[in-house]
Number of protein chains: 2
Amino acid sequence: MGKKQEPHRLPSGVGFLLAQLGTHAAATFASSIEDLELTPPQAGLLWMLARKPGRSQRELADDLGMPPSRFVPFADKLEERGLIERRRNPDDRRLHALHLTEQGSEVLGKLGAAARRSEDVLCRALADDEREQLAALLGRIASDQGLSPGVHPGYKSVRT
Amino acid sequence: MGKKQEPHRLPSGVGFLLAQLGTHAAATFASSIEDLELTPPQAGLLWMLARKPGRSQRELADDLGMPPSRFVPFADKLEERGLIERRRNPDDRRLHALHLTEQGSEVLGKLGAAARRSEDVLCRALADDEREQLAALLGRIASDQGLSPGVHPGYKSVRT
DNA sequence: TATTGTTATACTCTATAACTATA
DNA sequence: TATAGTTATAGAGTATAACAATA
């Protein structure tokens with residue numbers, strides 16, 4: 001990049017910027033849905049159920065990167081609030097198919113609006129066409145790296 | 001963006017991609033420095049000390065987004081391994097100025113190499129000029145959002 | 001016997017707050 | 001009195017593994 005080789009260049013590159021901005025984006029989004037009393041993983045589950053209803057808890061837990069034992073109380077809270085419901089699968093009574101309730105759909109709508117607002121703030125330094133460019137570049141990296149669209153596996157594997 | 005308004009669009013945008021890719025970039029980097037037996041926050045501290053030696057523990061802890069009580073054992077480990085050293089400030093003997101040792105500098109070199117390798121993998125889907133475009137766009141967002149270059153405050157404020 | 005969902009438990013991680021030494 | 005660094009401790013969060021129901 002530069003003319004001379006610096007002795008120690010490190011966080012000047014794309015990798016560091018992505019990690020830094022990713023954290024910032026997550027924090028911004030989290031605070032934008034605080035009013036709805038939802039956390040990002042909860043928002044993620046609602047979103048996943050809207051895209052594909054009726055999946056088993058195990059599948060969903062895997063996608064969210066959490067063990068089943070943690071998923072149970074996690075889903076409990078949303079069920080108590082009436083945003084999702086468990087339905088026994090008659091064909092295989094071991095499975096609990098998860099569905100969005102009507103109230104859950106309403107909340108999802110507000111969630112989307114909050115996400116768009118928070119994204120607009122995040123990207124306010126860019127013109128519309130630059131924002132599209134950015135989305136395209138990021139999308140290509142995500143696809144190349146094998147990341148599933150709409151699935152955020154969380155910070156499970158990042159050591160501290 | 002699209003012609004019709006979808007009923008629920010959410011993680012199609014830049015915000016979600018940034019969060020998703022940021023996590024992925026952090027995980028990739030973390031695994032690339034596993035051989036050096038370093039975690040990302042440890043790498044961050046070494047990097048910060050190279051950029052500006054002799055800062056107090058409190059300052060550094062603030063930049064890393066951790067309370068002083070957690071910083072102490074965190075720095076202890078690196079000191080035991082001979083990568084950093086504490087030096088009493090003679091003017092104000094309360095302060096412990098942190099410095100990189102010679103061995104710490106060597107490790108930092110390997111660290112930089114690992115970071116570059118991991119970044120090359122991350123960006124392999126992009127041509128060189130696209131990669132520069134991306135860095136420029138991300139850099140502008142980071143600067144607009146008030147993020148300090150080279151400082152990664154961690155995931156402290158992200159609720160789960 | 002294998003799998004889903006659940007519960008129990010032991011362990012790790014963390015922040016809060018006391019404590020010391022210096023100022 | 002106030003601040004840097006340190007230590008102690010209590011609480012939250014987590015994974016592991018046992019368990020019950022169903023296949």
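Every heavy atom of this structure was used, including side-chain atoms; hydrogens, water molecules and symmetry mates were not. Protein chains get the first letters and strands the later ones, always in sequence-line order, with residue 1 at the start of each.
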### Query
Atom CZ of F71(B) and atom P of dC13(C): how far apart are they, to the nearest Å?
18 Å
### Query
Taking CG from L95(A) and C1' from dA2(C), how many angstroms apart are they, rounded to a whole number?
13 Å
Close N or O pairs between protein and nucleotides 19-23 of chain D (under 3.5 Å):
from: dT22(D); atom 1: OP1; to: R93(A); atom 2: NH2; distance (Å): 3.3
from: dA23(D); atom 1: OP1; to: R93(A); atom 2: N; distance (Å): 2.8

### Separation of atom CG in D62(A) from atom P in dT4(C), rounded to whole Å
9 Å
## Note on the structure
Here the distance between atom P of dG5(C) and atom CG of L60(A), to the nearest Å, is 9 Å
#### Entry: Any residue meeting salt bridge (charged side-chain N to carboxylate O under 4.0 Å, His left out) with R87(A), in chain and number order, not counting sequence neighbours
E85(A)
### Query
Atom CZ of R55(A) to atom P of dT4(C): distance rounded to whole Å?
13 Å
### Query
Taking only residues at least two apart or on different chains, which pairs with a member in residues 99-148 of chain B satisfy ring-ring contact (aromatic ring centres under 6.0 Å, His included)?
none
### Query
Is any side-chain nitrogen or oxygen of R86(B) closer than 4.0 Å to OP1 or OP2 of dT6(D)?
yes
### Task
List in chain and number order the residues that pass side-chain hydrogen bond (donor to acceptor under 3.5 Å, both in side chains) with R58(A), two or more places apart in sequence or in another chain; answer none if no residue qualifies.
none
### Message
If I compare all heavy atoms of F71(A) with all of M66(A), which pair ends up nearest, and what's the gap?
### Response
CA-SD, 3.8 Å
### Integer-rounded Å distance: dG5(C) P and E79(A) CD
13 Å
Show me the protein contacts with nucleotides 7-12 of chain D, counting only N or O atoms at under 3.5 Å.
none

### Message
Once side-chain hydrogen bond (donor to acceptor under 3.5 Å, both in side chains) is applied, do any residues pair with D120(B), and if so which ones, sequence neighbours excluded?
### Response
R131(B)
### Query
CD of E59(A) versus P of dT3(C): gap in Å, rounded?
15 Å
### Message
Whole angstroms only, please: what is the CZ-P distance between R58(B) and dT6(D)?
### Response
12 Å
#### Entry: Residue list, salt bridge (charged side-chain N to carboxylate O under 4.0 Å, His left out) with R94(A), at least two apart or on another chain
D92(A)
### Qualifying salt bridge (charged side-chain N to carboxylate O under 4.0 Å, His left out) pairs, either residue in residues 139-149 of chain A, two or more places apart
R140(A)-E130(B), D144(A)-R124(B)
### Query
Which heavy atom of A25(B) sits nearest a heavy atom of A19(A), and at what distance?
CB-N, 4.4 Å
### Query
side-chain hydrogen bond (donor to acceptor under 3.5 Å, both in side chains) with D76(B): which residues, sequence neighbours excluded?
R86(B)
